[in-house]
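Whatever order the structure lists them in is the order used to number ligands and atoms, beginning at 1. Note that the structure is predicted; figures quoted are calculated from it, not measured.
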Amino acid sequence: MLIQVILGSTRPGRFGERATTWVVRHLEARGDMDVELVDLRDHPLPFFDQAPPARTLREYPTPEARRLGETVDRADGYVIVSPEYNHGYSAVLKNAMDHTFIEWTRKPVAFVGWGNVGGARAIEQLRLVVVEMEMAPLRHAVHVLPDVLVPALRSPEPFDPTLLDALEPKLTLLADDLLWWARALKTARDADPATRP
Ligand SMILES: Cc1cc2nc3c(=O)[nH]c(=O)nc-3n(C[C@H](O)[C@H](O)[C@H](O)COP(=O)(O)O)c2cc1C
């Protein structure tokens, strides 16, 4: 199974990079999945201004949109690592999702967030949005609350990912569940290629 970890913040000094380092390290250490980091900084896209991808299905209007679409397409499941900005998730994440559609369909997604309430408000919004792409949003999530977040935010470079290890049991639950759904949905997609999105 190929699991992509999507880093949903792009601003300088982002905590998201630290959270993602920890997630990738944990998933790779399991040895039961292939892990790919997708940093949205590597996918600079204009604000979406094209025909709806839900209707045009993999007809990419620009090389940048194609590169993002083909990247998302190859995964069997996702961990979206999301900041919370003004009680929502990041605009860069929404913009990336609006440039694509079918590439995500019938695949599971789990979430990691941080902030005053562990990114819970952003994650709840993301769960609503991904249902429109017919994804399977998972219950298990990692919420980095201030007790763990503040020391991890303030720690100097290079970041020591063990600062987030108090949340390791939550990440293990998330990864176990994500892998189960990724396998189940891949089996179902492969069994019915005629309806492959
Ligand atoms: C524009 C903006 C809005 C924010 N709004 C919230 C918020 O609604 N809730 C929250 O818990 N933290 C909020 N914060 C603080 C972020 O949790 C904190 O800056 C975090 O590091 C953001 O993730 P990032 O560093 O990966 O961008 C906000 C930060 C920014 C820059």
NZ/NE/NH1/NH2 to OD/OE distance under 4.0 Å, R66 and D73
no
Check: M1 main-chain N/O paired with K186 side-chain donor or acceptor under 3.5 Å
no
Enumerate the salt bridge (charged side-chain N to carboxylate O under 4.0 Å, His left out) contacts for residues 147-165, please, sequence neighbours excluded, ordered by first and then second residue.
R18-E157
Just by distance, do the side chain of N95 and the backbone of F48 share a donor-acceptor pair under 3.5 Å?
yes
Going by salt bridge (charged side-chain N to carboxylate O under 4.0 Å, His left out), name the pairs with one or both residues in residues 124-133, residues two or more places apart or in two chains.
E124-R127
For ligand 1, what is the set of protein residues having any non-hydrogen atom at a distance below 4.0 Å?
S9, R11, R14, F15, G16, P83, E84, Y85, N86, H87, W114, G115, N116, R121
Could you tell me which residues satisfy ring-ring contact (aromatic ring centres under 6.0 Å, His included) with W22, sequence neighbours excluded, listed by chain and number?
none
